[in-house]
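Please read the structure below before turning to the comments.
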Amino acid sequence: MDVSLIAHAARMIQDAVCSPAAVETRAGPAAAIILADPMPLWLFPALFLAGMLSQAAGLFLHRRSALISGTVLVLTAAALDRDLTLAVGQILATAGLLYCGGRPG
């Protein structure tokens with residue numbers, strides 16, 4: 001990369017920070033907004049760990065009911081935490097385990 005290009009970009013940033021417009025639009029004192037979460041803090045980890053343990057028991061004991069109930073617990077935890085990535089990953093992992101678990105070796 002060209003050094004003059006980097007120096008030009010650094011000068012542009014420095015000019016933008018030191019411009020009179022930037023000085024006039026200073027932000028006021030910082031305010032922290034803490035939103036009250038209706039869910040207790042312990043609920044997500046409790047549901048997630050219970051679901052994980054139930055799924056592990058279902059895998060080791062070859063019980064579909066334990067695997068599915070663990071999936072429901074983890075999906076409930078994902079819904080309460082509003083975690084779409086966890087929910088999609090859990091659905092795909094369970095579908096794969098149920099599909100591969102039904103086939104002989």
Side-chain angles (χ1 to χ4, degrees):
M1 186 172 243
D2 191 17
V3 175
S4 63
L5 181 62
I6 294 173
H8 179 68
R11 247 184 274 117
M12 284 179 56
I13 292 171
Q14 196 172 28
D15 291 343
V17 169
C18 295
S19 71
V23 174
E24 290 175 9
T25 59
R26 259 192 206 155
I33 299 173
I34 299 173
L35 299 175
D37 197 7
M39 181 180 72
L41 290 176
W42 56 267
L43 190 57
F44 171 75
L47 287 171
F48 181 75
L49 289 175
M52 186 177 66
L53 291 174
S54 176
Q55 287 178 1
L59 285 174
F60 288 124
L61 300 174
H62 302 289
R63 303 276 186 230
R64 277 191 170 193
S65 60
L67 184 65
I68 292 172
S69 66
T71 300
V72 169
L73 286 171
V74 172
L75 287 175
T76 304
L80 288 175
D81 197 40
R82 296 180 287 280
D83 191 351
L84 184 61
T85 306
L86 176 62
V88 170
Q90 182 61 47
I91 290 169
L92 292 175
T94 302
L97 287 172
L98 290 176
Y99 177 73
C100 292
R103 305 173 88 190

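Taking each heavy atom of Gly58 and Ala66 in turn, the nearest pair found is CA-CB, 3.7 Å. The two residues Ser69 and Ser54 come nearest to each other via the heavy atoms OG-OG, 3.2 Å.
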Donor-acceptor contacts under 3.5 Å from residues 42-50 side chains, at least two apart:
none

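Criterion: ILVMFWY side-chain heavy atoms under 4.5 Å apart, direct or through other members. Under it, Val74 and Val88 are not part of a common hydrophobic cluster.
Residues that satisfy the side chain to side chain donor-acceptor pair (under 3.5 Å) test with Thr94, not counting sequence neighbours, are Thr71, Gln90.
To the nearest 0.5 Å, atom CD1 of residue Ile68 and atom CG of residue Leu97 are 11.0 Å apart.
Contact annotation: the side chain of Asp81 never approaches that of Leu86 to less than 4.5 Å [non-hydrogen atoms, C-beta and beyond].
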